[in-house]
Amino acid sequence: MVVSATSDQLIFFVNGRKITEQKPDTEQMLLPYLRRKLHLTGTKYGCGEGGCGSCTVMVSHIHPVSKKILHYSANACLLPICSLYGAAITTVEGIGSTASRLHPVQERIAKSHGSQCGFCSPGMVMSMYSLLRNHPEPTMEQIYEALGGNLCRCTGYRAILDGCKTFCKEQNCCKLEQNNGQPESDQEDCVSVLITTTLLAKEEFLPLDPSQELIFPPELILMTQKQMSQSLVFQGEKLKWITVFDLDDLLDLKDKYPKAPLMVGNTSIGPEIKFKGVFHPVIISIGKIPDLSTVKYTKGGISIGAACTLSMLKDTLEEAVSQHAEEKTKIFRVLLQQLKSLAGKQIRNVASLGGHIVSRNPNSDLNPILACGNATLNVLSKGGARQIICNEDFFKCKEASSRLLPEEVLVSVFIPFSQKWEVVSAYRQAQRKVNSVAILVAGMRVLFRENSGIIEDMNIYFGGVGATTIQANKARKGVIGRKWNEETLGEACRLILEEISLTPSATGGKVEYRRSLTVSFFFKFYLEVLQTLKSEYNLNGHINPTDMSHTSNLESTVIQNTSLKTMQKYQDITVHQPIQDAVGRPIMHHSAMMQASGEAVYCDDMPAVEGEMYLALVTSSRAHAKIISLDVTEALNMPGVCDVITAKDVPGTNDFSYYYWPDQLLADKKVLCVGYIVCAVVADTPERAKQAAKVVKIVYEDIEPVIFTIEDAIKHNSFFEPDKKLHDGNVDEAFKTVDHILEGELHIGGQEHFCMETQSIRVIPSKEGQELDIYAATQDPTYMQGLVARSLGIPFNRVTCHVKRIGGAFGGKIVKTAYLAAISAVAAQKTKHPIRCVLERDEDMLIKAGRHPYLGRYKVGYMKDGRIVAADINLYSNGGYSGTESVFIMEISVLQTDASYHIPNLRCQGRVCKTNLPSNISFRGFGFPQCSLITEVWIDEVAAKCNLPPHKVREINMYKNIIMTPYKQEFDTTNLRRCWEDCIRSSAYHARREAITQFNKENPWKKRGIALIPLKFPVTFIVAFQNQAAALVHIYCDGSVLVSHGGTEMGQGIHTKMIQIASRELGIPMSYIHICETSTSSVPNTIATAATVGTDVNGMAVKDACEKLRKRLEPIVSKNPEGTWESWVKEAFYERISLSATGFFRGYNTYMDWEKGEGHPFQYCVYGAACAEVEVDCLTGDYKNIRADIIMDTGCSINPAVDVGQIEGAFVQGIGLYTTEELKYSPEGELLTKGTGEYKIPSVYDIPREFNVSLLPSSQNPYAIYSSKGIGESALFLGSVVYFAIKDALSSARKERGLSNTFTLNSPATPEKIRMACGDQFTDMIQKDDPTAFIPWSIDV
C-alpha cells in the first residue's frame, strides 16, 4: 500500500467555504466542529445518536462509481470529520438568512407556523432542503420520508407538513386549496359570525428556483478527478484514521489491522464508541472504494456493493422492481417495505448494506429477509475470494467457513430473483411507526411444488428474540411436504414456540408479547400465502374456504397512507379593527424566521468567552446508599481538568428546601437514587470533562429499604406529607342506594419532557468576584436567581438571570435547571472561570425525571341507566426521592378528579409516594392528565357494564350550565356542552360509528375504534401570589419600543402575544416593538412561566405599562392630533415626560382551604372536546391514527395561529403520553430508556392523517386579557381520545372472541398492551411466566 506524503491534509467545504485541516482530530464529529470551530450554531445538538434530526445537514459528494454529484441529508452528530474528505457540507446558515434572503423552505415553514420553540426547525429545514435538491416537486410520500428522522416536541407536525407540502406537485395538495381558504358564515346564538380557515397566505411565498442553489465546489470535482489510489492517513492523539480508495489497499490494511473496523456511515461504530466505551485504535473508511459501491445485474439476481448505502439499496431495488416481472422481484419488494421504516432518512443515507449485515444486530430489519431469501455474501482477502451463505450459521458465527474472518472484507451482497410458486414476506413491530428499533422482525419464504399447494421449501427467520438473527429450523423441517392448511399452521406455530425461546428475564422485556408475535407473524404469513395461492395461482381447490374468510384487509400498517388532510377553523374577530391592530390575527411567531434560518441564539449557541470551562456531572450508580469514600485524584490528574466540585465546596447552603421539602445540590453523605448528583468535574473541553467524570471513584454502602414502585411505597408506608383529601356529599350512604358498584385500578406510566434542547446553563462571574450573570434555559429565572444566591451565600441582587429563548420546556426547566445553575455557579466562583453546563440527552433524562407515574384505585356507584351516584377515588403518584412539586401536582389531581362530570357524592384522597427514583417534577397538565384519565376510564367501564355507548354515559353525567364543583366553586360550563355538541357534529361521529361497526364485522383481524372525550381544564395557580406579574416598557426617541416582562419564551409564543398587546395599546405597528430577553435585572421577582397563565398575567402587566405611557402622551397627541407616533414621542422627550413605565398585575385571588374542602383555587376553565378514530391490528398491537377532530374554547383568541399550534402540539404530546412513550427502569432503579433509541415520542408518521382543529366561536372570558384564554396545557389531555379509540377497537375484538368488554388497559397503550389485550388462540398458545419466579428486565414504577 502506498501512502501519500501529504495524506494527512483533510479538505472539505462548508457552505461554499474551503476547510483545510493539517492535523484533524480523528475522534471529532462534524457537529461539535461546526458549532465550536466554525461557529455555525444553527445545527443543533439534540441527542448525539442520530435519532432526533436536530443536527441535520446536507452532504454533497461525488459517487465513486457513477461520478454523479449526490446530495443527501445526514446527522452531523454521527459524521466524523475525517470521513468528509472531498465532500461539501451545507448547513442551515448556508441556504439563506434574514439578513440577506431566506430560502423558500425556511420561509414556508416559518410562515406556516411550523416553528414554535424553534430548536428542531433548522433540522427540519435541512431535511426538506435536501429533498428539494433532488426532487423540486416532491410527493407527500417523499416529504414524510424526508422528515421521518426528525423529531419535534412542540408543533404536532401538522404546521410543518403544511409548509412543506406547498412544494408538492400534486394538485390540491396544499390545504389552502381546500375551501380556497374562504371565510364562511356560522350561526351562533342567532348572531352571524365570520369563520375562517386561513392561517397563512400561500401567494406570499417565495418561489423555489433550483438554479439559485449553491453549486458543488469545482475544486472538489478537480480534486476527485486527480485523486490517486493512495490512501489518506490521519493520525490523532489516540486514533488512526485511514481513508482507502483502492480495494487492494484495503486488503493489505485488513491483513495488517485485522481488528480494525471498516466504516462507511458510522451509524453502528459511532454509538458503540460513545455509549458503550468501545475503543478502536485504527478505523478504516471504505466509502470511496469503487469496487464496494458497484451494482451488477446477473441472470440470477443483483449483486450490490457492501458500501452501498441503504438509500442506494432502495434506489437500486426500486429500479429493479420497475424493470422486471413481479414474480422475480418479491424479495426486492419486501426489502423495500422494510427500508421504509428502518431508522430515519438521514441514517439510511449513510449506513451501508454491508455494515448492516456484518453488525449482526439482533433486531436487524434486513437480515431476516436476506437470510430467508437465500442471499449470498461475497468476501475477499489476500488469500482469495469465497462466498458465504447469509443464513443462521453466518449470524451465529458457528464455523470458520460460515463466518467473516478478521482479515476478510465483505465486497458485495448477492440477492437472488424470486421465482414462480414462491411467496416472500416480512413483518416488523416497533414502539413507533418509523425510526424505531424493531421489537420483533420476521422474514418468511415458502416455495410450493408447481401447480400444487405442497410445500417444497421454507425459510422462517426472526430478529429480536436472540443474540442475533435466528432461524426456526424445526418449523421449517416440520412443514416441508405438507399442504398449506390449518393443520400445517397449527404444527408450525407449535414448533416455532418450542424452538424460539425467550427467558422471562430477556433483555428488552416484553417477553410474552415477543413470543406471541412470532406466531402472530406466522399466521399473517399463512393468510397472505392463502390469498396469493388464490389470486395468483388459482388454487381454490386446495384451500379450505373457512381459511379464506380470515384473509381480508391484510395490508401492512407499518407505514400508513401518507396523505394529509387538515382544517383549522376560527372566528375572525378582526373585521372591524384597524388594520394595524394585531390582536386576534394569526401572526407568525416573532422569531420564526430566525429560528428557521438557524440565526436564533439558544443558550449553548452563545460564543465561549475567554477562559470558559465546561462542567460534567458525576451521578450515583446506586439507588440508596451511604458514600463511604469519594476519590477524585485520577480525574484531577487528567489533561485539561481544572477542578472537581463537591458538597464541601458550596460556600452557602448545600441543603435547601423547595417550599417544605428538603433537597441537596450535591450529595454529601448519602445518595437517594440512581442519577443523584455527587460531584462535578470542570475541564477545558466538554469531552475532557466527561472523560474525567468517568474515572471518579465512589465507594458505597447500600441502605435498606430500597423503594422504587408505588406498590412498594404503599407497603412500606413511604409517603410525603401532607396527603390531600376532598369530600363532597355522603359517599358511604350513597353506595347503599345504587344499582351497581364498580371497583378497579389503573396504572399510568410517567413521561419524559424530551425538550429538544437539553438542560443548558452558562455562568459568567464578574471580574470583581461578587456578581454573576447566568444565561439559562429556564422557565423561572427568579427561582434560579434565589437558589444560586443562597448556594453562594450572597444577596439576590448580585445574581442576574437572562433567558433569551428556550428550546422547549413543558415544566421541565424550573427546579432541576436551578440546581444545575447553582452547581455551575459554585464551580464558577471556586475556579474563577466562566462555566458552561449542557447535559447530554441521556444525562438529561436520568437526572431531571419527568411526569409522575400514577396508580388510581376507584370504587364507583352507579344506576343501571348510567348515572353516577358516588365515587371513592384513591390516587397515588410516584414522587421520587424528594417531594419537590409533587404535592402541588397531587393537589390539582384531587381537585380535578371530577373531570367534566357531576358526581353528587365524591371522596378523593391523593398521596405522593416517596421512592428511590429521581424526583419527578411538573409537566404540561400538572397532574390533570393522570387524574382525568382515571376518571374517564371508570366512566368507560360503567358504560360497558350498562351496555350503553360511552358517549351516552358521558353526556348523562356531564356538567351543564352553572355548576358547583366538589370544592364549592362555581363555573359556567355552557361552553363545555357547546364544544361537545360541535365535536359530535363536525366529526360526523354517529355516521362514522355505524361505518366502524360494519367494518369490524367484515374484518376479524383489523378493528377500528372511535371515541369522544370532553375537557374541563382549570387555569391559574392555586396560591394567589403566584398569579402576579410585572412588565417594563421603554419608548425610545426614535419611536421604537422595548418591552420586558416576566414570562419566558419557550415556543408558546408569549413574546409574540406581548408584542401584539403592546401594539394595540400603544396604537403602533408590531414592527416598532422589540422584546430582547427575560431578565431579573429588568423585571424582578418574576413567577414561573407555567400553569397556562403566562399570557394572562404578563399580558395584563404589559397592558398596564402601555396604558400609563399612552396616558402620558395624551396631552402631546391632543395638541397635535395629525402628528406621527415618532413626532409625539420626540415632543414628549423634549417636554421631559418619562417614556418608561412599569406595569403590574396583582393577579387572581385564588386559594384553597383543605381543612374545609372548599375554596376558589382557579379563575376560569378552558373547555374542549375531541373525537378520534383508529385502526388496530389485532395480531400485532400496531395501530394507525385515521382522524382527529378537536374543538377548543379559547375565548377570543389573541393569536389563532399560535393557539392552534399549541392545541395541536399538546394533543400530539398527549398521544405520546397515552400510547408510545414508555419509561422503563431496571430492578436496581436505573432508567433504561435514556435516549432516542429507547424512548419514543411521536414522529411525523404518528399524527392523524386527517387532523382538524376548530376554535369555538362567540366565546367570552371576562377574567383574562381581551377575553382570551390560556391554552398552553389543556389540549394535552385530549390526546387520551386516541387511547379510548384504541380501547373501543379492542372491545370489538374481545367481544368477537367471547372475552369481557371490561378490561384493564394500563397507560401507555403500547403495541404490547394492545396485542395482549386482544386475546386469541395465539396469545393462548404462548408460555405464561410466573412473575414471582424470576427477576424481570424492567419494572413498572
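What you are looking at is a predicted structure, and each value in this text was computed from that prediction instead of being measured.
Contact between Ile934 and Ile748 at its shortest, heavy atoms only, is CG1-CD1, 3.7 Å. The two atoms that bring Gly1229 and Leu917 nearest to each other are O-CD2, 3.9 Å, heavy atoms only. In terms of heavy atoms, Gly1157 sits closest to Met1152 at C-CE, 3.6 Å.
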Between Thr1092 and Glu1273, is a side-chain hydrogen bond (donor to acceptor under 3.5 Å, both in side chains) present by the stated rule, with each step listed? CA-CA 6 Å; Thr1092 307; Glu1273 297 180 274; 2.6 Å; yes
Steps toward side chain to side chain contact (heavy atoms under 4.5 Å, CB included) verdict (Arg907, Leu726): CA-CA 6 Å; Arg907 180 166 59 217; Leu726 188 65; over 6 Å; no
Worked check of side chain to side chain contact (heavy atoms under 4.5 Å, CB included) between Leu787 and Leu665: CA-CA 10 Å; Leu787 187 63; Leu665 292 182; 4.3 Å; yes
Does the side-chain hydrogen bond (donor to acceptor under 3.5 Å, both in side chains) test come out yes or no for Glu840 and Tyr45, once each step is laid out? CA-CA 9 Å; Glu840 296 267 0; Tyr45 167 84; 2.7 Å; yes
List the steps and the verdict of salt bridge (charged side-chain N to carboxylate O under 4.0 Å, His left out) for Glu1238 and Arg432. CA-CA 10 Å; Glu1238 299 85 18; Arg432 187 175 64 199; over 6 Å; no
Please evaluate residues Phe708 and Tyr1225 with respect to the criterion ring-ring contact (aromatic ring centres under 6.0 Å, His included), reporting the C-alpha separation (whole Å), side-chain torsions for both, the decisive distance (0.1 Å), and the verdict. CA-CA 9 Å; Phe708 298 129; Tyr1225 290 84; 8.1 Å; no
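The pair Glu843-Arg841 does not meet the salt-bridge criterion, since no charged nitrogen lies less than 4.0 angstrom from a carboxylate oxygen. A salt bridge is defined here as a Lys NZ or Arg NE, NH1 or NH2 lying under 4.0 Å from an Asp or Glu carboxylate O, and Asp1340 with Lys1224 meets this definition. Salt-bridge check for Lys510 with Glu1222: passed, with a basic side-chain N closer than 4.0 Å to an acidic carboxylate O.
Inspection of the Ser919 and Thr884 side chains reveals no N or O donor paired with an N or O acceptor under 3.5 Å. Checked by atom type, the side-chain pair Gln1213/Gln751 shows no donor-acceptor distance below 3.5 Å. Side-chain contact of Asp1153 with Tyr967: a donor-acceptor pair under 3.5 Å is absent, judged by distance alone.
Taking the side chain as every heavy atom from C-beta outward, Leu746 and Ser1307 never approach each other to under 4.5 Å. Side chains of Ile1022 and Thr1150 form no contact here, defined as non-hydrogen atoms less than 4.5 Å apart. Between Val681 and Val696, the closest side-chain pair of non-hydrogen atoms falls below 4.5 Å. Contact of the Leu1276 side chain with the Phe1211 side chain is not registered, since no non-hydrogen atoms from C-beta on lie closer than 4.5 Å. Side-chain atoms of Thr1089 and Asp780, non-hydrogen and from C-beta on, never get closer than 4.5 Å to each other. Side-chain atoms of Tyr876 and Glu711, non-hydrogen and from C-beta on, never get closer than 4.5 Å to each other. Within the 4.5 Å cutoff, side-chain heavy atoms of Leu666 are placed close to those of Ile645. Using a 4.5 Å heavy-atom cutoff, the side chains of Leu151 and Met756 are in contact.
In this structure a side-chain-to-backbone donor-acceptor pair under 3.5 Å is present from Thr1220 to Lys1240. Of the possible donor and acceptor atoms, one in the side chain of Thr1020 sits under 3.5 Å from a partner among the backbone N and O of Gln1163. The backbone N or O of Tyr1283 sits nowhere less than 3.5 Å from a side-chain atom of Ser1280 that would complete a donor-acceptor pair. A donor-acceptor pair under 3.5 Å is absent between the side-chain atoms of Gln896 and the main chain of Cys931, judged by distance alone. At distances below 3.5 Å, at least one donor-acceptor pair connects side-chain atoms of Asn878 with backbone N or O atoms of Val1341. In this structure a side-chain-to-backbone donor-acceptor pair under 3.5 Å is present from His753 to Ser922. Between the side chain of Glu891 and the main chain of Ile889, no donor-acceptor pair closer than 3.5 Å is present. Side-chain N or O atoms of Thr758 include one that pairs as donor or acceptor with a backbone N or O of Leu839 at under 3.5 Å. Glu49 contributes a side-chain N or O that, together with a main-chain N or O of Thr1236, makes up a donor-acceptor pair within less than 3.5 Å. Listed for the Ser932 side chain is no donor-acceptor partner under 3.5 Å among the backbone atoms of Pro929.
In this structure, Ile921 CD1 and Glu885 CD are separated by 6.0 Å, a value rounded to the nearest 0.5 Å. Atoms CZ and CG, on Arg924 and Leu1217 in that order, are 11.5 Å from each other to the nearest 0.5 Å. Rounded to the nearest 0.5 Å, atoms NE2 (His852) and CZ (Phe926) are 8.5 Å apart. From Ser1274, atom OG reaches atom CD of Gln1206 across 9.5 Å, with rounding to the nearest 0.5 Å. Of the inter-residue distances, the one linking Ile1087 atom CD1 with Asn1027 atom CG reads 8.5 Å to the nearest 0.5 angstrom. Note that the CD atom of Glu1228 and the OG atom of Ser1226 stand 4.5 Å from one another [nearest 0.5 Å].
Ring centers of Phe928 and Phe1277: under 6.0 Å apart, within the cut-off. With ring centers used as reference points, His747 lies 6.0 Å or more from Tyr854. Taking the six-membered ring for Trp, Trp661 and Phe888 have ring centres closer than 6.0 Å. A ring-centre distance under 6.0 Å is not found for Phe754 and Phe810. The six-membered or imidazole ring of Tyr819 lies near that of Phe656, with a centre-to-centre distance under 6.0 Å.
The environment of NZ in Lys914 is sparse: at most 12 heavy-atom neighbours from other residues, nucleotides or ligands sit within 6.0 Å. For Tyr660, the OH atom sits in a loose shell: 12 or fewer heavy atoms of surrounding residues, nucleotides or ligands are nearer than 6.0 Å. Heavy atoms of other residues, nucleotides or ligands lying less than 6.0 angstrom from NZ of Lys690 number more than 12.
In summary, of the residues considered (Thr646, Val618, Asp668), a side chain to side chain contact (heavy atoms under 4.5 Å, CB included) with Leu630 occurs for Thr646 alone. Only one option out of Lys44, Arg805, Lys813 pairs with Glu757 in a salt bridge (Lys or Arg N to Asp or Glu O under 4.0 Å); it is Lys813. Results of the side chain to side chain contact (heavy atoms under 4.5 Å, CB included) test with Leu1231 over Leu846, Val674, Ile847, Asp842 single out Leu846 as the only residue that passes.
The side-chain tip of Arg911 points at the ring of Phe719 from less than 6.0 angstrom away and within 45° of straight on.
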